[in-house]
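Single-structure report; data block below.
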Number of protein chains: 2
Amino acid sequence: MQKEHNLSKNQKIIFDLIDKSGGPMKAYSILFNVQKKGIKAPLQVYRALDKLVEIGKIHKIESRNAFIACQNSSCQISKATAFSICESCENVSEISNSKLSKYLSNFSDDSGMKYSKYNLEFFGLCKKCKSK
Amino acid sequence: MQKEHNLSKNQKIIFDLIDKSGGPMKAYSILFNVQKKGIKAPLQVYRALDKLVEIGKIHKIESRNAFIACQNSSCQISKATAFSICESCENVSEISNSKLSKYLSNFSDDSGMKYSKYNLEFFGLCKKCKSK
DNA sequence: TTATAAATGTTATATTATTACATAACGTTA
DNA sequence: TAACGTTATGTAATAATATAACATTTATAA
Ligand SMILES: [Zn+2]
Ligand SMILES: [Zn+2]
Ligand SMILES: [Zn+2]
Ligand SMILES: [Zn+2]
């Protein structure tokens, strides 16, 4: 059972926007879209984004400086994320593959470092773009 | 046998700096450090960085907006990169593990997407920081 | 209630990266 | 060598991404 997070007003506005968009959104595009709802400053957006990332409702796509709603109901803690990114249309989707996540979560090398978190980004061409 | 890339003047200055630093460096810190050598503008730095990334002499640590010299002589093409990052001291090292790279290079899911590239970042505490 | 933490509002500023345009150096081959 | 195309450089301006600092309000809970 997951912990229920009661989102605050700004957090809810911003999460709903990202979630409905169905894809990755950039911070200033989010800002532009929520100005009519009274969120006027970048910091208001970044604070909500930080919190949403922290509780796993969204993830940051590091290579794109963009944020996407979690598409994987079981990953509320954002400690093990994997994405596939189309380099042509920039479509992004979250990879939910238990073998992969098991493999990476258990990965260790000879550095003596214990990894508590990872983020993996795969790049390529999606079906649509490949057939063009 | 790898292709020999003759670095241009600016590319060489910037690669040498990053390489000697032994760790990740940020673009504007690089800029500051090479101003005495005549490189005065951000764009000069970013152009050299782009080229160095393209030919695999350096990699970008996406989660840190920083650049590190390739520590793995065999990865001149930057298509399959993995790093371990200490969240306390920000030490970064490139992971060179043939099992891991084989596993990820061959990874495919049911999306019909063929992945030509990946970047993986592991996070945790390094030995030193753990024992503090 | 009272204190504590979490969230908000606002202004300013810092950091990271690109556009646009002009010039110079380099490598190839006629 | 001369002409051509490609790559690299120089410079100024600006765009895009993100945080600092400070004041106030709202939610949580002892
Ligand atoms: Zn997720
Ligand atoms: Zn695509
Ligand atoms: Zn490398
Ligand atoms: Zn450390």
Side-chain angles (χ1 to χ4, degrees), chain A residues 3-18 21 23-68 78 85 87 90 92 119 121, chain B residues 3-18 21 23-68 78 85 87 90 92 119 121:
Chain A
K3 174 153 189 243
E4 186 58 40
H5 282 283
N6 295 311
L7 300 183
S8 73
K9 178 173 139 280
N10 289 1
Q11 289 159 17
K12 188 160 181 0
I13 291 170
I14 287 172
F15 174 71
D16 286 348
L17 175 67
I18 299 173
S21 88
M25 289 193 78
K26 311 199 114 201
Y28 277 74
S29 151
I30 292 168
L31 175 57
F32 178 80
N33 277 278
V34 297
Q35 277 177 334
K36 46 182 169 293
K37 304 227 174 186
I39 295 177
K40 288 184 280 191
L43 190 48
Q44 293 176 292
V45 172
Y46 280 105
R47 280 197 287 225
L49 290 173
D50 285 351
K51 185 70 185 185
L52 291 167
V53 165
E54 185 192 324
I55 64 180
K57 300 282 288 181
I58 65 173
H59 305 300
K60 182 170 188 182
I61 309 300
E62 293 288 357
S63 66
R64 298 298 186 264
N65 298 319
F67 300 85
I68 192 168
S78 290
I85 302 171
E87 290 185 294
E90 295 294 327
V92 173
N119 179 57
E121 298 182 1
Chain B
K3 174 151 189 247
E4 188 57 41
H5 283 283
N6 296 311
L7 301 183
S8 73
K9 178 173 139 278
N10 289 0
Q11 289 159 16
K12 185 156 182 9
I13 290 170
I14 286 172
F15 174 72
D16 286 346
L17 175 67
I18 299 173
S21 88
M25 289 192 77
K26 312 198 113 202
Y28 277 72
S29 150
I30 292 168
L31 176 57
F32 178 79
N33 277 278
V34 297
Q35 277 177 333
K36 47 182 168 292
K37 303 226 175 189
I39 295 176
K40 288 182 281 192
L43 188 48
Q44 294 176 292
V45 172
Y46 281 105
R47 280 197 288 224
L49 290 174
D50 285 351
K51 186 67 186 188
L52 291 167
V53 166
E54 185 192 325
I55 65 179
K57 300 282 287 181
I58 64 173
H59 305 300
K60 183 171 187 180
I61 309 300
E62 294 287 357
S63 66
R64 297 300 186 262
N65 297 319
F67 300 85
I68 192 169
S78 290
I85 303 171
E87 290 184 294
E90 296 293 328
V92 173
N119 178 56
E121 299 182 0

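Here the structure is a predicted model, which is why all the values come from computation and not from measurement.
With DNA chain C read from its 5' end, the first of the two nearest nucleotides for A:A48 and A:N65 is the one closest to A:A48.
Rounded to whole Å, atom C1' of D:dT11 lies 14 Å from atom CD1 of B:I39. Here the C1' atom of nucleotide D:dA20 and the CG atom of A:D50 are 14 Å apart, to the nearest Å. One atom, CD1 of A:I30, and another, C1' of D:dT17, lie 12 Å apart when rounded to the nearest Å. Taking atom CZ of residue A:F67 and atom C1' of nucleotide D:dA18, one finds them 9 Å apart after rounding to whole Å. A straight line from CG of B:L7 to P of C:dC26 spans 14 Å, rounded to a whole angstrom. Atom-to-atom, CD1 of B:I13 to C1' of D:dA8 comes out at 13 Å; the value is rounded to the nearest Å. When rounded to the nearest whole Å, the span between CD1 of B:I55 and C1' of D:dA8 equals 13 Å. Distance NZ (B:K12) to P (D:dA8): 16 Å, rounded to an integer number of Å.
The closest side-chain heavy-atom distance from A:F15 to A:K57 is below 4.5 Å. A heavy-atom distance below 4.5 Å is not found between the side chains of B:R47 and B:N10. Between A:I61 and A:I68 the shortest side-chain heavy-atom distance falls below 4.5 Å. Side-chain contact between A:L7 and A:I14: absent, with no pair of heavy atoms (C-beta onward) separated by less than 4.5 Å. No side-chain heavy atom of B:N6 sits under 4.5 Å from any side-chain heavy atom of B:K12.
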What N/O pairs connect the protein and nucleotides 10-15 of chain C at under 3.5 Å? Give each pair on its own line.
from, atom 1, to, atom 2, distance (Å)
C:dT10, OP2, A:K40, NZ, 3.4

Identify all pairs in which a protein N or O lies below 3.5 Å from an N or O of nucleotides 4-7 of chain C, and state each distance.
from, atom 1, to, atom 2, distance (Å)
C:dA7, O3', A:S8, OG, 3.1

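For the residue pair B:Q35/B:N33, the side-chain donor-acceptor check at 3.5 Å is not satisfied. B:S63 and A:E62 are not linked by any side-chain donor-acceptor pair at a separation below 3.5 angstrom, with hydrogens and angles left out of the test.
For the pair A:K26 and A:R64, the tightest heavy-atom approach, listed with the atom from each and the gap, is CE-O, 3.1 Å.
Note on A:K60: only backbone sugar-phosphate atoms sit closer than 4.0 angstrom, heavy atoms only; bases stay farther off.
Under the 3.5 Å distance criterion, the side-chain polar atoms of A:Q11 are matched with a main-chain donor or acceptor of A:S8.
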